[in-house]
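Remember, predicted model here, so these are calculated numbers, not experimental data. All chains are named by letter (A, B, ...) in the order of the sequence lines, taking the proteins before the strands, and each is independently numbered beginning at 1.
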Amino acid sequence: MHVRGTVAGDVEVRTVSTSYGESELAEVPVRLAVESDHLDDVTTTTSPFDAAETETDGGTLSDGGAHAADPTTITLWNKWTESAELLEPGMELLVTNAEEDEFRGEQQYATTGDSYVVVAPSFHVNVTAIRNWVECPRLYYLNKLSGVPLNYPVVKGTLVHEVFGDLLRGRDLEESIDARVEERGLELGLLGETADAVAEDVRENATAIEGWLEQGRLTAENEETAATAGDDSEAAFTPAESSWRSEQLLISETFGIRGRADAVRRGAPVELKTGKNLKKEPRFKDKVQAACYALLLEEHGGDVDTGTLLYTKNSALDRNEETGDLTPAKEFSMGDGLLKFVVRLRNELAAMEVSGDVPTGYEGSAKCEYCFEQDTCMVVSGRLDQESKAGQIGQALPAAEREYFDRFYRAIEAERRAVHREFAKLWEQDAQERADDDRALIDLAFLESTELAEGRWELRARRTGGATSKLREGDLVLASNGHPVRGSAELARIERLDEDEILLTADEPVEVTRLDVYPSELTTDRLLAALHDALLKGDERRKDVLFDRAEPEFEPLEETFIPNNDAQDEAVRKAVGADDCALIHGPPGTGKTYTIARAIRAMVERGERVLLSAFTNRAVDNALEALLDQLDGEIGEDSVASPAQRNGDGEAVDVVRVGSESGVREDMQPYRLDRAGDPGERAATLQNAQVVAATTATCGSRVMKEQRFDAALVDEAAQLTEPGTHAAINLADRFVLVGDHEQLPPVVQSEGGTRRVSSGANGDEPRAADLTESLFERLVDRYPEAGVMLTKQYRMNQRIQAFASQEFYDGKLRPASGDVAGRTLDDLSGVTRDDLPTELRDAVTFVDVDGDGSRYTDSEEAARIAEMVEEYRAAGLDAADIGVIAPFRAQVSELSKHVPDEVAVDTVDRFQGSSQEVIIVSFTATDSLEGPIFEDYRRINVALTRPKRALVLVGDANALATDPVYSRMLEWARR
DNA sequence: TCTCTGCGTAGAGGA
């Protein structure tokens with residue numbers, strides 16, 4: 001029986017005498033969430049994050065007599081008391097194979113010899129984290145903080161692993177080596193390596209594996225012969241046909257562990273290590289890693305008692321004495337004790353993460369004097385004034401900086417936990433809930449799987465419903481035959497996502513019927529590294545400005561850059577002349593992208609190297625497009641071969657876009673840096689580029705972190721968290737932030753559903769608020785003189801802009817010209833306003849619709865809007881010139897059913913950054929304006945400032961009148 | 001049930 005619940009009080013550990021002698025036990029008061037013989041039956045679970053809520057709800061108990069409010073005692077015996085000591089009230093606990101017992105009329109539970117105790121099982125830890133943790137908990141923390149920089153041993157290790165996988169899938173060795181080295185051209189080039197030298201190095205390691213596999217082939221054939229007793233089939237053996245498989249992603253809902261095994265042979269894990277180990281035994285951390293995979297495999301139905309470690313460099317040195325065979329392999333047996341030890345390690349790590357603590361190193365037994373990272377550890381400890389087993393060196397950062405670090409560290413870790421919660425939903429929600437949440441595509445009809453030349457597979461499935469999801473081409477997903485964790489599942493990439501069909505690639509075939517979003521910690525990892533770099537590696541002058549110790553300084557420039565717009569001109573002068581930073585506040589339609597482009601051109605003309613960044617790919621591509629326009633008018637066909645643009649003097653400017661193929665817009669692909677190719681040539685392309693454009697997330701990548709720039713320009717900076725902004729500006733000597741803090745702020749996952757555990761270690765998280773104020777906004781408030789506000793807008797008719805200008809920009813926003821102020825639908829060819837119903841002839845119209853009373857949709861508004869769209873079209877307007885926006889996604893899909901496909905229908909949030917001739921807003925609120933979506937007035941600002949010539953507001957006037965801002969809006973629209 | 005974009009996933013190795 002498995003018991004699961006939430007710790008409801010303090011844990012007591014004591015020693016008792018039993019018939020076996022002295023034993024330790026811990027009695028844990030637990031509020032049971034669910035109990036069951038099979039985890040598959042678990043339908044409701046409680047995550048440690050919303051424990052507080054569960055408590056007030058009274059919890060759920062399945063055993064009869066007790067009151068919901070009474071905790072049940074679970075006794076954890078012997079070694080499991082170590083895990084018991086980690087428990088805090090509010091944490092979740094799972095005990096497998098527990099024994100049920102009645103004591104003084106109360107139901108109790110206790111561990112048995114077959115039990116595992118899992119602390120915070122919803123927090124799934126990855127295998128590498130456990131491997132680092134066993135080496136030293138502090139090392140785990142340091143790794144998390146700064147990431148692994150680009151270095152040759154790591155890249156080589158990765159290559160050898162890829163070749164190993166290819167060999168297992170039956171690919172030719174030489175072909176694999178060439179292809180894999182080519183794929184990593186950029187990284188290798190940045191490391192100063194040549195393709196030939198690397199290929200030789202990889203070959204040396206891979207040959208040993210190949211030799212060993214050859215031996216395996218013989219063994220497997222023997223076994224096969226023995227098994228089939230007399231069947232002398234001579235079918236050729238290939239690894240792919242044997243009981244091998246490569247790179248298997250494994251997720252355990254019981255143990256809260258996930259990871260990717262290098263290979264699995266006859267159900268047992270095989271780990272490849274590119275290096276040597278001359279000792280008799282495998283390294284302990286390697287064993288722990290293999291044991292993690294063994295646990296994962298056991299949950300997937302295996303019974304694992306051995307693990308294999310392959311040390312590639314051992315072959316030549318270490319021949320089997322009897323046979324003379326090459327033996328890079330070390331097999332070892334995995335007992336119960338090791339597996340339980342691994343779970344206890346995992347519990348230490350999970351408990352630390354859930355409570356948000358920082359390891360000191362004392363948790364483990366490693367000796368600091370042998371540690372590679374001793375110096376780093378001491379420096380970090382010293383700078384952040386952290387307790388550490390290695391000790392501290394250097395001077396602590398000023399208190400304000402340490403406080404900043406701690407605050408953002410906690411906020412980022414809260415985001416990490418939000419990602420983990422998403423992960424837990426893979427098994428905590430059923431298929432339909434996942435689909436309703438747009439996190440999965442279900443009920444697919446599997447079509448076929450085809451093996452590709454390099455041994456990977458292409459999977460095809462047909463979509464049966466018209467369901468939407470957030471899945472997009474290029475995304476990594478869990479492709480399963482029904483359940484992403486319990487069924488057979490592969491990590492796959494979406495190659496094509498059509499209306500009716502889906503094409504995926506994966507390492508192994510799966511009969512796909514369901515796709516789930518695969519949550520990733522990558523972004524949080526990069527935010528943390530950016531925070532670390534900004535504070536611990538950051539330039540002192542930069543930090544003086546960030547921490548209020550020095551005013552930004554400017555070089556006074558006389559030049560005129562933009563003659564017909566003083567504010568834009570001043571903005572460019574500030575950007576170009578900034579010694580530290582400049583801030584450009586650009587309300588809707590004020591030409592901030594043009595201004596950025598002009599500033600970059602000016603910098604490039606001065607011989608500077610410039611980074612252009614933004615949070616979204618769309619914003620990066622928009623800004624890049626404006627720059628290319630500036631440099632050369634337009635992108636010519638011939639630029640495909642050589643993506644260089646001319647600057648003002650007719651010299652070529654090398655512009656490179658760094659990003660994934662699926663992220664970069666089609667027309668910017670010619671500028672995209674392909675990572676594959678000749679190392680020297682790839683590296684030169686990036687390093688010689690005068691302008692590099694990439695999202696802030698990409699700026700945090702290993703490759704980009706090797707780059708340095710004179711200036712970084714960050715567009716849409718008000719949508720970025722502070723650490724997100726650091727990721728870009730860390731790479732440059734000075735920075736320019738461009739944005740509008742009166743529009744939508746960064747999206748933060750941990751803000752919403754997260755609740756603090758009732759009485760945990762630190763009582764003041766999550767701190768999502770710290771992430772929702774952008775660095776842009778903070779600096780604009782702090783250093784108004786470093787900023788310029790653009791005030792002439794080139795988008796909206798005067799009547800349309802009036803409300804936003806008054807409400808959000810102190811009336812400063814003005815039409816750039818009489819033409820802009822007076823633009824109407826009549827200016828569009830083929831459109832006659834007089835053909836419209838009277839109510840739609842004005843630039844701004846309010847249409848009162850009572851609404852159907854449902855919460856996130858409104859069919860009446862949708863129907864009325866569909867009529868209006870037809871009325872506009874009847875007056876000659878192109879459907880593609882109309883945009884419809886709504887606050888809720890549900891209403892967006894409702895609206896999509898009512899209007900022609902050419903009409904752009906989207907949420908307010910996703911419409912930010914674009915504009916249309918006509919915008920119709922569907923408020924989707926009846927009677928009242930309840931719900932957080934309406935509370936952020938910046939959302940109205942975005943909605944109302946999208947149109948150029950006509951704006952129609954559709955909603956329930958009674959509901960809108962309940963809020964002062966919406967009420968003023970109503971007054972303006974009805975005027 | 002509020003809004004939702006990023007990212008080469010996790011793991012690659014040094015003594």
Side-chain angles (χ1 to χ4, degrees), chain A residues 126-129 131-132 143 148 150-162 164 183-184 187 247 249-250 258-262 271-277 283 285-286 289 313 370-374 433 436-438 470 472 474-478 491-493 507 517-527 614-620 659-663 675 694-703 716 719-720 724 727 744-749 751-753 855-856 886-892 906-912 924 930-936 938-939 942:
Chain A
N126 64 13
V127 174
T128 329
R131 179 183 146 98
N132 285 333
N143 247 336
V148 177
L150 188 64
N151 64 20
Y152 181 61
V154 170
V155 177
K156 185 185 76 177
T158 308
L159 278 166
V160 174
H161 276 75
E162 287 169 344
F164 176 54
E183 274 172 24
R184 294 203 175 260
E187 283 168 302
E247 314 226 21
L249 176 77
L250 295 155
R258 72 171 195 270
R260 208 153 115 151
D262 285 345
E271 259 307 298
L272 181 67
K273 297 291 158 201
T274 314
K276 58 179 161 232
N277 174 6
R283 272 186 292 257
K285 61 180 177 182
D286 296 344
Q289 189 177 6
K313 283 278 182 68
Y370 302 143
C371 177
F372 238 97
E373 301 291 353
Q374 190 185 4
E433 284 175 308
D436 292 345
D437 242 10
D438 287 353
K470 55 184 297 180
R472 287 171 315 180
D475 281 1
L476 218 52
V477 292
L478 277 168
L491 199 55
R493 187 173 298 281
D507 282 339
V517 170
Y518 187 79
S520 163
E521 283 175 74
L522 192 99
T523 313
T524 42
D525 287 343
R526 287 188 179 173
L527 290 181
F615 178 55
T616 63
N617 276 306
R618 190 165 65 168
V620 171
S660 65
E661 194 182 345
S662 55
R675 313 160 83 97
T695 58
T696 49
T698 297
C699 288
S701 68
R702 283 194 313 194
V703 160
E716 305 283 10
Q719 278 184 64
L720 277 163
L744 290 165
V747 173
V748 170
Q749 296 192 40
E751 189 182 22
R855 182 101 202 238
Y856 302 113
F888 305 109
R889 256 192 337 211
Q891 178 68 351
V892 167
D906 226 323
T907 55
V908 183
D909 299 55
R910 284 161 56 109
F911 239 98
Q912 178 157 329
T924 327
E930 261 175 52
I933 196 109
F934 298 107
E935 282 165 17
D936 195 334
R938 289 173 287 193
R939 195 165 270 112
V942 174

Scan A:Arg702 against the nucleic acid and name what it touches under 4.0 Å (heavy atoms): base, sugar-phosphate only, or nothing.
base
A:Tyr152 OH to B:dG11 C1', straight-line distance once rounded to whole Å
17 Å
To the nearest Å, give me how far apart CZ (A:Phe164) and P (B:dA12) are.
11 Å
Base, sugar-phosphate, or nothing: which does A:Asp262 touch, judged by heavy atoms less than 4.0 Å apart?
sugar-phosphate
Spatial distance of atom CG (A:Asp286) from atom CD (A:Glu271) [nearest 0.5 Å]
7.5 Å
Looking only at side-chain atoms of A:Ala697, point me to the closest of B:dG6, B:dT3, B:dA10.
B:dG6
Contact between A:Gln912 and A:Arg618 at the side-chain level, heavy atoms closer than 4.5 Å - yes or no?
no
Please check if any side-chain donor atom of A:Thr695 sits under 3.5 Å from a side-chain acceptor atom of A:Thr698, or the reverse.
yes
Measure CG/A:Leu476 against C1'/B:dG11 and give the value in whole Å, please.
14 Å
Checking A:Thr696 now: which residues fulfil side-chain hydrogen bond (donor to acceptor under 3.5 Å, both in side chains) with it, not counting sequence neighbours?
none
Report the nucleotide, chosen from B:dG8, B:dA12, B:dC4, that has the shortest atom-to-atom distance to any side-chain atom of A:Ser660.
B:dG8
Looking for any heavy atom pair under 4.0 Å, which part of the strands does A:Phe615 touch: base, sugar-phosphate only, or nothing?
base
If you check the A:Thr274 side chain, which of B:dT1, B:dG13, B:dT3 turns out closest?
B:dG13
To the side chain of A:Thr907, which of B:dG6, B:dA10, B:dC4 is closest?
B:dC4
Starting at atom CG of A:Leu720, determine the distance to atom P of B:dC4, rounded to an integer number of angstrom.
17 Å
Name all residues meeting the salt bridge (charged side-chain N to carboxylate O under 4.0 Å, His left out) criterion together with A:Arg910; count only those two or more places apart in sequence or in a different chain, and write none if there are none.
A:Asp906
Would you say A:Lys285 reaches B:dG13's phosphate, i.e. side-chain N/O to OP1/OP2 under 4.0 Å?
no
Report the nucleotide, chosen from B:dC4, B:dT9, B:dG8, that has the shortest atom-to-atom distance to any side-chain atom of A:Arg184.
B:dG8
Round to the nearest Å and state the distance from A:Leu491 atom CG to B:dG8 atom C1'.
11 Å
Would you measure the distance from the P atom in B:dC4 across to the matching atom in B:dG8 and give it in whole Å?
23 Å
Could you give the CD-to-C1' distance, from A:Glu716 to B:dG6, as a whole number of Å?
15 Å
Please state whether the phosphate of B:dG8, meaning OP1 or OP2, lies under 4.0 angstrom from any side-chain nitrogen or oxygen of A:Arg493.
no
Report the nucleotide, chosen from B:dT3, B:dA12, B:dG8, that has the shortest atom-to-atom distance to any side-chain atom of A:Arg526.
B:dG8
Interatomic distance where CZ belongs to A:Arg260 and P belongs to B:dG8 [whole Å]:
15 Å
Would you indicate whether A:Glu433, at its atom CD, is surrounded by more than 12 heavy atoms from other residues, nucleotides or ligands within a distance under 6.0 Å?
yes
Of the candidate nucleotides B:dG11, B:dG6, B:dG13, which contains the atom at the shortest distance from the side chain of A:His161?
B:dG13
Report which part of the nucleic acid A:Thr523 touches: base, sugar-phosphate, or nothing (heavy-atom distance under 4.0 Å, all strands).
base
Is A:Arg675 side chain donor-acceptor paired with the B:dG8 base, going by distance under 3.5 Å alone?
yes
Any A:Arg258 side-chain nitrogen or oxygen under 4.0 Å from OP1 or OP2 of B:dA10:
yes
Please check if the side chain of A:His161 supplies one atom and the backbone of A:Asp262 the other of a donor-acceptor pair under 3.5 Å.
no
If you pin A:Tyr370 and A:Gln289 to their nearest nucleotides in DNA chain B, which one's is more 5'?
A:Gln289
Distance check: side-chain N/O of A:Gln891 vs OP1/OP2 of B:dT3, anything under 4.0 Å?
no
Looking only at the side chain of A:Leu522 (C-beta and beyond, no hydrogens), which of the listed nucleotides B:dT1, B:dA12, B:dT9 gets closest?
B:dT9
Taking the side chain of A:Asp909 as its heavy atoms from C-beta onward, which of B:dA15, B:dT1, B:dC4 lies nearest to it?
B:dC4
Does any part of the side chain of A:Leu476, heavy atoms only, come nearer than 4.5 Å to the side chain of A:Leu491, both counted from C-beta?
yes
N/O donor-acceptor pair under 3.5 Å between A:Arg258 side chain and A:Leu250 backbone:
no
Scan A:Asn617 against the nucleic acid and name what it touches under 4.0 Å (heavy atoms): base, sugar-phosphate only, or nothing.
sugar-phosphate
Below 4.5 Å, heavy atoms only, C-beta onward: do A:Asp936 and A:Pro745 meet side chain to side chain?
yes
For A:Phe372, which contact category applies under a 4.0 Å heavy-atom criterion: base, sugar-phosphate, or nothing?
base
Ignoring hydrogens and angles, does a donor from either the side chain of A:Arg939 or the base of B:dT3 sit under 3.5 Å from an acceptor on the other?
yes
Hey, does the side chain of A:Arg910 come within less than 4.0 Å of B:dT3's phosphate (OP1/OP2), counting only N and O?
no
Any side-chain N or O of A:Thr696 less than 4.0 Å from the OP1 or OP2 oxygen of B:dG6?
no
Classify the nucleic acid contact of A:Glu271 as base, sugar-phosphate or nothing, counting any heavy atom under 4.0 Å across all strands shown.
sugar-phosphate
Checking all strands, does A:Val160 fall into the base, sugar-phosphate, or nothing category for heavy-atom contacts under 4.0 angstrom?
nothing
Are side-chain heavy atoms of A:Arg889 and A:Asp438 found at a separation under 4.5 Å?
yes
Taking any heavy-atom pair under 4.0 Å as a contact, classify A:Glu373: base, sugar-phosphate, or nothing.
base
Based on Watson-Crick and G-U pairs with both distances under 3.5 Å, what dot-bracket line describes DNA chain B 5' to 3', crossing pairs as [ ] and inter-strand pairs as |?
...............
Ignoring backbone atoms, establish whether A:Thr128 has a side-chain N or O less than 4.0 Å from OP1 or OP2 of B:dG11.
yes
Nearest-nucleotide pick for A:Val148, side chain only, options being B:dT1, B:dA12, B:dA15:
B:dA12
Hey, does A:Arg855 reach any base, or is it just sugar-phosphate, or nothing, if we go heavy atoms under 4.0 Å?
nothing
In whole Å, measure the gap between the C1' atoms of B:dC7 and B:dG11 for me.
16 Å
Please report the distance, rounded to the nearest Å, between CD in A:Glu433 and P in B:dT1.
10 Å
